Every structure is written in structure tokens, then in C-alpha cells.
Amino acid sequence: MFEKIWSVLLGMVFIFPVYGQDGLRRFLSTPGLEHAAVGISVRRVGDGKEVAAYASQMALTPASVTKLIPTYLALQIKGKQFRYTTTVCYSGKVRNGVLEGDLIVQAGGDPCWNSRYFLHHDLMETVFRKIEELKIQKIRGRILVEETPKEEAIPGSWLWEDISNYYGALCHSFNYRDNTYVLTFQSGEAGELTRLTGVRPALPGMEICNEVYASPRNTDNAWIYGGPYSSLICVKGTIPCRREAFQVKGAMHHPARVFEHELKEEMKKRDIPVADEILPEGERVMLLSLQSPYLEEIVYHTNKSSINLFAEALGRLAGAGKWPEQVELSFREAGISTAGMVLKDACGLSVLNAVPARVFTDLLLKAYRDGEESFIRSLPVAGRDPGLNAYCRRLPQLQGKLRAKTGSMSGVRCLAGYLMTNTGETLVFAVLINHYTCSSLQVCEAVGRFLADFL
């Protein structure tokens with residue numbers, strides 16, 4: 001009797017052909033999803049019709065699937081050839097090899113300086129080459145980074161356990177080394193306190209408290225605590241035992257201060273002392289006007305590698321300081337309903353973000369129809385990019401046919417993107433799952449099987 005009622009309800013609520021109905025029923029019956037909140041929207045690109053739906057208008061936490069929004073809007077508003085500009089100048093004059101003034105970097109929001117994703121975008125070496133060209137042998141003044149006067153604080157909805165770990169690196173008007181530093185630990189036997197052996201780059205003015213112990217488990221369970229207004233960093237938890245150099249990455253809260261310190265120390269190594277005198281402000285002379293990689297390249301890495309820092313930078317770029325309002329305006333102009341949507345950040349780290357699955361399929365559909373190739377190309381591809389491995393595990397038929405952005409945090413697994421069927425038809429889809437009780441791998445495999453049914 002129950003099965004008969006369930007079948008009738010399916011026929012009433014969902015609009016899709018038979019090949020989607022059975023798959024959706026199987027997916028929703030996955031053990032561990034009984035108490036989960038699930039939102040699904042699958043639509044044909046050709047006519048926009050929804051071929052499978054389940055609570056597609058219910059707003060759910062999308063985690064990093066949120067990055068689809070800033071990457072798409074930044075390209076729409078600024079264009080794929082946009083580049084950030086950073087300028088370098090000095091105040092005063094250069095006399096007999098001595099800079100009688102300050103060396104000044106004027107920040108322009110570039111998130112890519114000395115990033116591991118842009119290895120040749122090296123601010124320090126670029127500055128050194130110019131110093132050598134001018135034959136400067138000493139700087140009497142200071143090395144200064146000028147940032148935007150009003151720097152945004154960390155979003156209040158970010159969790160305390162996230163804000164000081166590498167993925168919680170906040171975007172500033174000046175960004176350096178992915179706003180990330182690395183702590184190196186040496187561990188002994190299980191249960192023993194580890195030894196902190198290295199910090200790179202140096203964190204001037206910061207004290208580090210080490211409460212990390214060695215563990216027999218071969219996992220990194222070390223967490224960094226300490227906000228941007230604190231001079232103390234506390235590292236707690238465990239790392240594998242008997243390791244000579246185990247690395248833990250943290251969020252650099254003051255990248256401008258770190259760059260100033262590192263450049264000054266490197267100057268000394270190259271026999272260019274910096275006296276740090278406070279001199280009267282002299283006339284400024286432009287040395288360099290430096291451009292970032294193209295926006296389409298930044299978007300590519302943002303989605304391929306799910307970089308929170310880049311996504312926040314793109315949200316600032318597209319939103320001009322008013323991110324939720326800009327999304328509302330742009331979506332309204334594009335004919336995308338924002339009913340029920342709540343955005344607290346641009347990268348998806350906030351647990352208070354809430355977006356219906358239908359919003360994502362609206363966005364994906366518009367990007368496809370507008371021929372936004374840079375956006376579509378930035379999405380990971382099954383069989384090529386490791387981020388989708390959990391979804392296409394044991395499903396080789398999805399390789400090369402699934403192109404999608406993942407989103408994950410504790411109790412959240414989401415996926416949204418494009419699916420090419422065996423008949424050559426393209427589908428857009430969004431599957432958002434919150435509060436599941438099975439393993440994350442089981443959820444991902446169930447989503448993969450659900451999508452494979454459409455092939």
C-alpha cells in the first residue's frame with residue numbers, strides 16, 4: 001500500500017521521463033538520506049524543461065558550489081580579459097645609490113601574487129629587478145604596502161575552527177602567497193608533544209603556541225586557532241607519529257605585514273640595507289605598474305581547485321563591496337529568481353549560505369546559452385580532475401561526460417554542473433544534500449549513480 005502511495009506522489013510532484021523517475025526513487029532511498037534535506041533540479045539545455053526535480057525551490061547550504069556565482073558574475077561584469085593592477089613607487093629621491101624615502105606597494109586587490117597557482121607572478125623578484133636596474137644600494141626609509149583604507153573583517157558566520165586554517169584565508173586588497181603560511185613539525189612517539197621546527201614565511205609580531213601531539217593514526221588532525229586581531233596562534237590536535245617534517249598550513253591574516261618583513265629581510269641578504277627611518281613624505285615616483293593574470297585564468301583555478309581566497313576576491317570584484325545586493329541585481333536582470341536565497345560570503349565557507357537547487361540550474365543554463373566558455377571550462381571534468389573521483393568511482397561511463405563543481409563541509413555534499421548524455425543531449429543539474437547520516441563516500445557514489453541514469 002505504501003509503495004503505491006509513494007508512486008502516486010512521485011507522479012504528482014516530479015516532472016520527468018521514466019528514466020529519471022526510477023533513478024530518483026533509488027537515490028532518495030539511499031540509507032543515510034532518510035532524515036537529510038535534499039534539493040534536486042535536472043533540466044534540458046535545449047528547452048530548459050525540468051526532467052527531474054525534488055524540492056528544487058528549497059534553500060540549502062551549498063558549500064563550495066556557491067563559487068559558481070562569483071565566477072560567473074565576475075566574468076559577466078568585468079569580462080574575461082580583466083586584470084587587477086598593482087603599482088610600485090618610491091617617495092623622495094635616489095641619490096648616489098641611496099633611496100632617500102620609502103619603497104611603496106599600492107595594492108589593487110590582486111589575489112595571485114606569489115600564488116602556487118601562478119608561479120611566475122612573483123612580486124618580490126619583480127621589485128628586486130627594478131631596484132637593481134636603478135642601482136639602489138640602500139633604502140633610508142621603509143618598505144610599505146598601502147591597502148584599501150576600509151578592509152573587510154572575516155564574515156561573522158565563518159566558524160572559529162575555520163578562520164585560521166589555510167582554507168579560511170581572507171581576501172585583502174593586498175594578497176601574498178595565497179595568504180597562507182606553513183608550519184613544520186617533528187613528531188616522536190605516539191602521545192608525545194611535537195616540536196615546531198619551522199614557520200614559512202615568517203610571521204612578524206606573532207607568537208605560536210604548540211599543543212600538537214603525535215598520534216598512531218596516519219591523519220592530519222591539527223587545527224590552528226587565532227583570529228586576525230590576535231598576536232597569538234595556538235595549534236592543537238594531532239599529527240602522525242615519527243615524522244621528521246610534517247606540514248600544517250594556516251591562514252595568513254596580515255599578508256601585507258608578512259610581505260614587508262620578507263622583502264626587507266631579502267634586501268639585507270642582497271646587501272641592500274633598509275634603515276626604517278621615518279622620513280618626510282616626498283614626491284612619489286612611479287616605478288612599476290603590474291597586472292595580474294587574466295580574469296579567465298583566475299576563474300579557472302577558482303573552480304578547478306576550489307580556492308576560497310580567489311572566490312572572495314571575485315565576489316569583491318563583481319560586488320564592489322555590496323556582494324549580496326549585486327547578486328540580487330544581476331540575477332534579476334538575467335531573469336533568475338533569488339527567492340529564498342541567502343548569501344553571507346562568495347566562497348561558500350559560511351554555514352548560513354542558503355541557495356535553492358533551481359537557482360544553480362538557472363545560472364548554469366544561462367551560462368551555456370550565453371556561450372560563457374571561460375566559465376564552463378573552469379568546472380572540473382570527471383576522469384580528468386581528482387575532485388570528482390568520489391562521484392564517478394566505479395562509474396567509468398561518467399568520465400568525460402560530467403563537468404561539475406563540488407561542494408562539501410561537515411554534513412554537506414553538493415554537486416552542480418553539466419552532463420552530456422549518450423545521445424548528445426546536454427543537461428544542467430544541481431544536487432544539494434544537507435544533514436546526511438551515512439558516509440560522505442556513500443553519498444557521492446549515490447549521486448554519481450543518479451546522474452549515470454541519465455546517460
Side-chain angles (χ1 to χ4, degrees), residues 64-88 105-127 129 166-167 169-180 249 252 255 259 288-320 323 326 330 345-349 363-364 366-368 370-388 403-407 416-418:
S64 281
V65 170
T66 305
K67 292 181 175 68
L68 294 176
I69 300 174
T71 51
Y72 171 75
L73 289 185
L75 288 167
Q76 286 288 300
I77 294 171
K78 294 295 185 179
K80 65 181 181 180
Q81 297 297 302
F82 171 84
R83 303 171 86 173
Y84 295 90
T85 300
T86 302
T87 58
V88 181
V105 176
Q106 296 174 313
D110 185 347
C112 308
W113 283 120
N114 293 79
S115 168
R116 67 190 182 100
Y117 301 98
F118 297 97
L119 297 178
H120 300 295
H121 194 54
D122 191 325
L123 181 57
M124 189 169 294
E125 281 303 319
T126 303
V127 170
R129 286 196 299 269
Y166 73 95
Y167 55 88
L170 182 66
C171 175
H172 299 265
S173 57
F174 179 82
N175 304 285
Y176 180 59
R177 292 184 180 271
D178 298 315
N179 293 354
T180 301
K249 294 186 293 182
M252 185 193 298
F259 176 79
L288 298 163
S289 180
L290 306 170
Q291 293 189 304
S292 73
Y294 289 110
L295 181 59
E296 64 178 339
E297 299 175 70
I298 301 173
V299 165
Y300 179 88
H301 289 289
T302 301
N303 282 331
K304 284 284 187 182
S305 301
S306 203
I307 308 168
N308 291 337
L309 168 63
F310 288 2
E312 288 298 305
L314 297 179
R316 281 193 181 192
L317 181 66
W323 171 238
Q326 182 60 57
S330 296
D345 65 19
C347 69
L349 191 57
L363 184 155
L364 291 161
K366 187 164 194 326
Y368 189 94
D370 288 348
E372 192 56 79
E373 295 181 5
S374 298
F375 171 77
I376 296 171
R377 189 170 56 247
S378 73
L379 303 183
V381 179
R384 300 181 204 166
D385 299 299
L388 289 174
R403 183 185 288 269
K405 180 73 193 76
T406 61
Y418 301 94

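Residues: numbered from 1 along the sequence shown. Just so we're clear, the structure is a prediction, and the values are computed from it rather than from any experiment.
The CZ atom of Phe375 sits 9.5 Å away from atom CD of Gln76, with the distance rounded to the nearest 0.5 Å. A distance of 9.0 Å separates NZ of Lys405 from CG of Leu388, quoted to the nearest 0.5 Å. Separating the NE2 atom in His172 from the CZ atom in Arg316 is a distance of 8.0 Å, to the nearest 0.5 Å. Remark: Tyr117 OH to Phe310 CZ distance equals 7.0 Å, nearest 0.5 Å. How far CG of Leu73 is from CG of Leu317: 10.5 Å, rounded to the nearest 0.5 Å. Between the NZ atom of Lys80 and the CD1 atom of Ile298 there is a distance of 14.5 Å, given to the nearest 0.5 Å.
Nearest heavy atoms, Thr86 versus Gly108: OG1-N, 4.2 Å. Closest of all the heavy-atom pairs between Tyr84 and Ala313 is OH-O, 3.5 Å. Taking every heavy atom of both residues into account, Ala318 and Ile77 meet most closely at O-CD1, 3.6 Å. For the residue pair Ser64 and Asn308, the shortest heavy atom distance occurs at OG-OD1, 4.2 Å. In terms of heavy atoms, Ala346 sits closest to Ala311 at CB-O, 3.5 Å. The shortest heavy-atom contact between Ser173 and Ala107 is O-CB, 3.2 Å.
Judged by distance alone, with hydrogens and angles left aside, the side-chain atoms of Thr71 form a donor-acceptor pair with the main-chain N or O of Leu68 at under 3.5 Å. In terms of modelled atom types and a separation under 3.5 Å, the side chain of Asn303 and the main chain of Leu379 share no donor-acceptor contact. Listed for the Asp178 side chain is no donor-acceptor partner under 3.5 Å among the backbone atoms of Ser115. Put simply, the side chain of Glu312 never gets that close to the backbone of Leu170: no donor and acceptor are under 3.5 Å apart. A side-chain donor-acceptor contact under 3.5 Å links Arg83 to the backbone of Ser292. Proximity of a side-chain donor or acceptor of Asn114 to a complementary backbone N or O of Leu123 within less than 3.5 Å is detected.
Within 6.0 Å of OH in Tyr300 there are 12 or fewer heavy atoms belonging to other residues, nucleotides or ligands. Counting non-hydrogen atoms of other residues, nucleotides and ligands closer than 6.0 Å to OH of Tyr166 gives a total of 12 or fewer. Atom CD of Glu373 sits in a sparse spot, with 12 or fewer heavy atoms from other residues, nucleotides or ligands closer than 6.0 Å.
Residues Gln291 and Thr85 meet the side-chain proximity criterion, which asks for heavy atoms closer than 4.5 Å. You'll find the side chain of Thr126 reaches within 4.5 Å of the side chain of Arg129, heavy atoms only. For the pair Tyr167/Ser306, no side-chain contact is recorded, criterion being any heavy-atom separation below 4.5 Å from C-beta on. Between Val299 and Ser374 the shortest side-chain heavy-atom distance does not fall below 4.5 Å.
Listed by chain and number, the residues in a ring-ring contact (aromatic ring centres under 6.0 Å, His included) with Phe118 are His301 (sequence neighbours excluded). Remark: Arg116 engages no residue in a side-chain hydrogen bond (donor to acceptor under 3.5 Å, both in side chains) (not counting sequence neighbours).
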For this session: Test Asp370 against Tyr72 for side-chain contact (heavy atoms from CB on, under 4.5 Å), laying out the working first.
Result: CA-CA 11 Å; Asp370 288 348; Tyr72 171 75; 3.7 Å; yes
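The aromatic rings of Tyr368 and Tyr418 lie tilted to each other, with the angle between the two planes from 30° to 60°.
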